[in-house]
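What's counted below: heavy atoms across the whole structure, side chains too, no hydrogens, waters or symmetry copies. All chains are named by letter (A, B, ...) in the order of the sequence lines, taking the proteins before the strands, and each is independently numbered beginning at 1.
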Amino acid sequence: MLDVKYIREHLELVETRLKTRGTGIDLERFRQLDSQRRELLQQTETLKALRNKVSEEISRIKDKSQAQDRITEMREVSQRIKGMDEELKGVEETLEHFLLTVPNVPSPATPVGASEADNVEIRVWGEKPRMDFTPKPHWEIGEALDILDFERGAKLTGARFTLYKGLGARLERALINFMLDLHTGRHNYLEMLPPFMVNRESMTGTGQLPKFEEDLFHLGEVDYFLIPTAEVPVTNIHRGEILKGSDLPLCYTAYTPCFRKEAGSYGKDTRGLIRQHQFNKVELVKFVHPDHSYAELDKLLDNAEEVLRLLKLPYRVVDLCTGDIGFSAARTFDIEVWLPGQDCYREISSCSNFEDFQARRASIRFREDEKAKPEFVHTLNGSGLAVGRTVVAILENYQQADGSVVIPEALRPYMGGAEKIG
RNA sequence: GGAGAGAUGGCCGAGUAGGUCGAAGGCGCUCGCCUGCUAAGCGAGUAUACUGGGAAACCGGUAUCGAGGGUUCGAAUCCCUCUCUCUCCGCCA
């Protein structure tokens with residue numbers, strides 16, 4: 001959520017910057033609601049001040065019959081206050097809802113562009129594997145090795161659900177442990193294991209609600225949602241809190257499954273593990289001082305890249321343009337891994353700085369020192385990495401002519417020493 | 001699922017026959033004094049949001065005692081609903 005005062009004072013700037021996202025915003029509506037709110041607020045508060053003053057006078061009068069005229073008068077004032085408060089509440093709710101649906105202002109550093117096509121490749125790492133055979137897509141490799149069972153996944157639940165078998169399941173589990181060990185051991189993140197379903201407030205705090213409810217799985221019996229990413233529970237850990245400035249940055253990592261409806265992507269990536277309703281991810285989340293958030297974003301991105309470097313999987317980093325960054329993000333770098341079976345790079349991590357957008361929604365603040373006023377932290381997060389897509393990358397990049405798949409060296413300790421599958 | 005207890009400021013904890021209570025007291029913390037150092041002691045200060053005025057320092061108003069609603073001139077205190085925590089019983093990985 002954007003700061004009301006900031007919008008009020010920088011209307012044109014906010015408008016032009018938001019336009020670069022391709023999403024218009026009706027700032028005239030904001031202006032109207034905002035001034036309406038302030039006007040009503042002043043009126044009702046003046047009346048409340050009067051009521052408080054007179055009520056206090058009444059309290060000092062021992063013989064209440066002497067106060068009867070004032071009591072009658074205040075009874076009427078209270079009625080008026082009640083009416084105005086209701087009107088005010090209506091305006092505030094409208095304004096609040098409006099603000100909750102306005103996306104974050106992109107960072108000035110974010111390249112301006114209309115779509116994915118305008119994203120900027122900023123670096124490329126690793127050598128694409130040379131193969132003297134036609135590389136297969138991972139779903140063929142996985143089925144041939146009998147480690148991925150798409151048919152039974154669909155039987156158990158439906159489309160976009162997959163059953164992992166044997167060394168396939170083991171590979172997924174190995175990757176989770178490998179990533180968590182790396183981030184906790186080498187990169188100094190604190191491991192968290194949060195709930196996999198959260199309430200409406202948490203979903204609103206990180207920006208999934210109210211705008212993107214159709215992307216979420218909702219539990220009918222209670223008003224809970226399955227998390228679409230660990231970002232939601234982990235960022236909300238500190239919702240409504242005031243942190244100590246000396247504790248920043250707080251760096252958390254968490255493994256969770258993620259559940260997404262993938263509404264609107266019918267017919268896209270229907271084969272294989274790329275787009276699932278349920279997938280595993282290891283997430284990195286940071287709460288940082290506003291002055292350092294972009295330096296922390298660079299570090300977080302590097303921490304995510306490190307996973308691919310250790311696994312020796314070729315990748316590139318892309319600077320998302322204003323037309324392609326997410327609703328809550330001010331700046332985002334995607335890491336795309338090379339997939340020989342599909343002859344393209346595919347997103348495997350998305351690392352974003354939300355600045356104070358989520359912090360304001362979720363009220364996550366810090367004090368520079370004991371005396372200081374609370375300020376909003378900046379929140380960041382990134383996948384470190386999407387586990388299913390890492391399996392995809394390993395299967396496709398490490399496939400051999402004979403159909404077997406070599407296990408990356410770094411992962412072997414997590415695979416009981418196995419060197420290959422098949 | 002059944003029965004009961006509770007939710008107050010950074011923490012502990014008063015306050016329920018409604019009124020001067022944003023809220024005693026203690027702890028913690030900050031600043032100053034004192035002390036050879038430390039400890040102790042003394043004094044002052046110590047919530048947040050919105051809003052009006054002001055360049056600012058700051059001054060004023062309103063709201064907030066789990067959340068929401070009600071009664072009342074006036075509610076931390078009374079009534080209703082909900083949420084959460086704790087204890088006991090049942091069930092259960």
| query | Charged N to carboxylate O under 4.0 angstrom, A:Arg60 versus A:Glu56? | reply | yes

| For B:A56, what is the paired nucleotide under Watson-Crick or G-U wobble rules, both distances under 3.5 Å? | none

| task | Write down the distance between CD (A:Glu375) and P (B:A49), rounded to a whole number of angstrom. | result | 11 Å

| query | B:C50, B:U48, B:C73: which one has an atom nearest the side-chain heavy atoms of A:Ser55? | reply | B:C73

| Roughly how many Å is it from CG in A:Leu41 to C1' in B:C50, rounded to a whole number? | 7 Å

| request: Look through every strand shown and name the nucleotide pairing with B:A39 as Watson-Crick or G-U wobble, where both distances are under 3.5 Å. | output: none

| When the ring planes of A:Tyr189 and A:His183 are compared, do they come out parallel, tilted or perpendicular, using 30° and 60° as the limits? | perpendicular

| task | Assess the pair A:Phe287 and A:Tyr252: is the distance between their ring centroids shorter than 6.0 Å? | result | yes

| note | Judged by nearest nucleotide, the residue sitting upstream toward the 5' end of RNA chain B, A:Ile71 or A:Asp3, is A:Asp3

| field | Whole-Å gap separating C1' (B:U48) and CD1 (A:Ile242) | value | 7 Å

| task | Could you tell me which nucleotide pairs with B:C92 by Watson-Crick or G-U wobble geometry, both distances under 3.5 Å, or answer none if nothing does? | result | none

| query | When only distance counts, do a donor and an acceptor, one from the side chain of A:Gln42 and one from the base of B:G52, lie under 3.5 Å apart? | reply | no

| message | Students often get this wrong, so: under 4.0 angstrom with heavy atoms, is A:Lys244 touching a base, only sugar-phosphate, or nothing? | response | nothing

| request: Could you tell me whether A:Arg80 contacts a base, only the sugar-phosphate backbone, or nothing, with contacts defined as non-hydrogen atoms closer than 4.0 Å? | output: nothing

| field | d(CG, A:Asp369; P, B:U30) in whole Å | value | 10 Å

| Nucleotide forming a Watson-Crick or wobble pair with B:U72, both distances under 3.5 Å | none

| request: Please state whether the phosphate of B:C50, meaning OP1 or OP2, lies under 4.0 angstrom from any side-chain nitrogen or oxygen of A:Arg38. | output: no

| remark: Applying the 3.5 Å cut-off to both distances, the Watson-Crick or G-U partner of B:A7 turns out to be B:U83

| request: Would you tell me if any nitrogen or oxygen in the side chain of A:Arg51 comes within less than 4.0 Å of OP1 or OP2 on B:U72? | output: no

| Whole-Å distance separating the CD atom of A:Glu201 from the P atom of B:G68 | 12 Å

| remark: Using Watson-Crick geometry (N1-N3 plus N6-O4 or O6-N4) or G-U wobble (N1-O2, O6-N3), each under 3.5 Å, B:G22 is paired with none

| remark: Here the distance between atom P of B:C84 and atom CZ of A:Arg239, to the nearest Å, is 13 Å

| task | Nearest whole angstrom, please: distance from the C1' of B:C50 to the NZ of A:Lys89. | result | 17 Å

| task | Could you tell me whether A:Phe366 and A:His289 have their ring centroids closer than 6.0 angstrom? | result | yes

| Pairwise C1' distance, B:C27 and B:A14 [rounded to whole Å] | 15 Å

| field | Parallel, tilted or perpendicular: rings of A:Phe225 and A:His218 (30°, 60°) | value | tilted

| Whole-Å distance separating the CD atom of A:Glu9 from the C1' atom of B:U51 | 14 Å

| request: May I ask you to verify if any side-chain N or O of A:Lys82 is less than 4.0 angstrom from the OP1 or OP2 atom of B:U71? | output: yes

| For atom P, what is the distance between B:C92 and B:G10, given to the nearest Å? | 43 Å

| message | Does A:Lys53 reach a base, just sugar-phosphate, or nothing at all? Heavy atoms under 4.0 Å. | response | nothing

| field | First of A:Arg367 and A:Arg75 reached from the 5' end of RNA chain B, by closest nucleotide | value | A:Arg367

| request: Taking the six-membered ring for Trp and the single ring otherwise, decide whether the centroids of A:Phe259 and A:His277 are under 6.0 Å apart. | output: no

| query | Is there a Watson-Crick or G-U wobble partner for B:A47 with both distances under 3.5 Å, and if so, which one is it? | reply | B:U64

| task | May I ask which nucleotide in the shown strands pairs with B:A17, Watson-Crick or G-U wobble, both distances under 3.5 Å? | result | none

| said: Taking 4.0 Å as the cut-off, does a side-chain nitrogen or oxygen of A:Thr44 come that near to OP1 or OP2 on B:U62? | reply: no

| field | Presence of A:Arg8 side-chain N/O under 4.0 Å of B:C50 phosphate oxygens OP1/OP2 | value | no

